[in-house]
Amino acid sequence: MTLLEGLRTSPTSLVAVVAILGLLVGSFLNVVILRLPRMMEQNWKRDARDALDLPAVEEERLSLSHPPSCCPSCRAPIRPWQNVPVISWLVLRGRCANCHAPISAQYPLVEIASALLSAICAWHFGYSPALVAALILSWVLLVLAVIDLRTQLLPDDLTLPLLWLGLLLALVPLFADLRSAVIGAIAGYLVLWSVFWLFKLVTGKEGMGYGDFKLLAALGAWLGWQSLPTIVLLSSVVGALVGIGLIVFRRHGREVPIPFGPYLAAAGWLTLVFGTQIQNAYLHAVG
């Protein structure tokens, strides 16, 4: 029996293998989370200097593969054995092997989250093309959520390809037919765009960023317009509860912005995997 045949016939093996894959991918997701915003900042500075006709500044070009991973404190290179997902962080006790500076717990947390999301997708979708698509969506949503938490940015480099991939998959279709996907992309963007302008007209302030519009449009493209009420309701309720909790218990200032992207990403993923159960539970509750 080949490996693929074993994964096809054994759900437990599939979940285990996909969970390990999720751990390995999670290590790369940390690289994207940390470097993509810095790459964007480099490009903004370069474009600004060009627009202002200022002399170019020599700086090391940053990419997802260069320079090699190193400690941000002492710049010591990360050895392969120091880069094993979760295990290396635990063995090193969350500190650099060279200078003993603290290593952020974000690294193992993202790796564990990637493994858990991947395993749940494997359990839910089984050995199928839908599993591959669900894994891609899960990983991108995880990256977007953490980047937004760290920087309050939802990069177009991620949201726009996610949108187009959702429309492309609708040609198959996997999660939504093409008509539902196109309407979902349009409606997803316009829903938050309308909320943005209504809030701005009433208060004179901007309540969210354009990245949120694009993320909801992408989720509408992947899951169809029928999923949008569930996503918007879940993200709004959870976002409101977390916001109130931060204000009450952590004295989070009312004027301090709270990123909405993580709640959209979480609601989109929950709808991807548990959308039918959520809708049935809601209909049962109101019925």
Side-chain angles (χ1 to χ4, degrees), residues 113 116-117 120-121 124-125 130 133-134 137-138 140-149 152 154 158-159 162-163 166-167 169-170 173-177 179-203 205-249 252 254 257-287:
L116 287 175
L117 297 179
I120 293 172
C121 286
H124 182 78
F125 292 103
L137 179 58
S138 300
V140 176
L141 289 178
L142 178 57
V143 169
L144 286 168
V146 180
I147 287 179
D148 201 20
L149 280 173
Q152 296 186 14
L154 290 171
L158 295 176
T159 55
L162 196 66
L163 168 62
L167 293 175
L169 291 176
L174 282 182
F175 306 115
D177 60 83
R179 178 184 176 86
S180 296
V182 171
I183 296 174
I186 297 171
Y189 189 92
L190 290 179
V191 164
L192 293 187
W193 179 87
S194 301
V195 172
F196 170 87
W197 281 107
L198 179 62
F199 184 83
K200 188 171 184 178
L201 288 173
V202 173
T203 66
K205 302 176 182 179
E206 296 184 355
M208 63 181 65
Y210 280 65
D212 297 313
F213 313 164
K214 298 166 190 174
L215 177 54
L216 188 56
L219 292 172
W222 274 75
L223 306 176
W225 65 267
Q226 300 89 340
S227 68
L228 293 178
T230 302
I231 295 172
V232 172
L233 180 62
L234 280 176
S235 59
S236 299
V237 170
V238 175
L241 292 176
V242 171
I244 293 172
L246 289 173
I247 292 172
V248 173
F249 297 107
H252 192 278
R254 294 176 183 271
I258 298 174
F260 190 50
Y263 308 118
L264 280 176
W269 187 83
L270 288 172
T271 303
L272 167 72
V273 179
F274 303 110
T276 301
Q277 295 92 319
I278 293 172
Q279 291 173 4
N280 290 339
Y282 174 77
L283 292 175
H284 179 74
V286 300

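Taking CZ from R179 and CH2 from W225, the interatomic distance works out to 9.5 Å, rounded to the nearest 0.5 Å. Summarising the geometry, atom CG belonging to L272 is positioned 10.0 Å from atom CG belonging to L117; distances are rounded to the nearest 0.5 Å. The CD1 atom of I147 sits 10.0 Å away from atom CG of L142, with the distance rounded to the nearest 0.5 Å. Atom CG of L219 and atom CD1 of I231 lie 4.5 Å apart (nearest 0.5 Å). For the atom pair CG (L141) and OG1 (T159), the distance works out to 11.0 Å, reported to the nearest 0.5 Å. From K214, atom NZ reaches atom CG of L158 across 12.0 Å, with rounding to the nearest 0.5 Å.
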Exercise. Take L216 and V232, measure what side-chain contact (heavy atoms from CB on, under 4.5 Å) needs, and give me the verdict at the end.
Key: CA-CA 9 Å; L216 188 56; V232 172; 3.9 Å; yes
Exercise. Give the C-alpha distance, both sets of side-chain angles, the deciding distance and a yes or no for side-chain contact (heavy atoms from CB on, under 4.5 Å) between L264 and L154.
Key: CA-CA 11 Å; L264 280 176; L154 290 171; 5.7 Å; no
Self-check item: Derivation and outcome, side-chain contact (heavy atoms from CB on, under 4.5 Å), residues W222 and L137
Solution: CA-CA 9 Å; W222 274 75; L137 179 58; 3.7 Å; yes
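For the pair D148 (side chain) and A145 (backbone), a donor-acceptor distance under 3.5 Å is absent. With S236 contributing its side chain and L233 its backbone, the two residues share no donor-acceptor pair below 3.5 Å.
A 6.0 Å sphere centred on CH2 of W269 holds more than 12 heavy atoms belonging to other residues, nucleotides or ligands.
In plain terms, the two heavy atoms of A170 and A181 that are nearest each other are CB-CB, 3.5 Å. A pairwise comparison of heavy atoms in L223 and A176 identifies C-CB, 3.7 Å as the closest pair. Across all non-hydrogen atoms, the minimal contact from L169 to A133 is CD1-CB, 3.8 Å.
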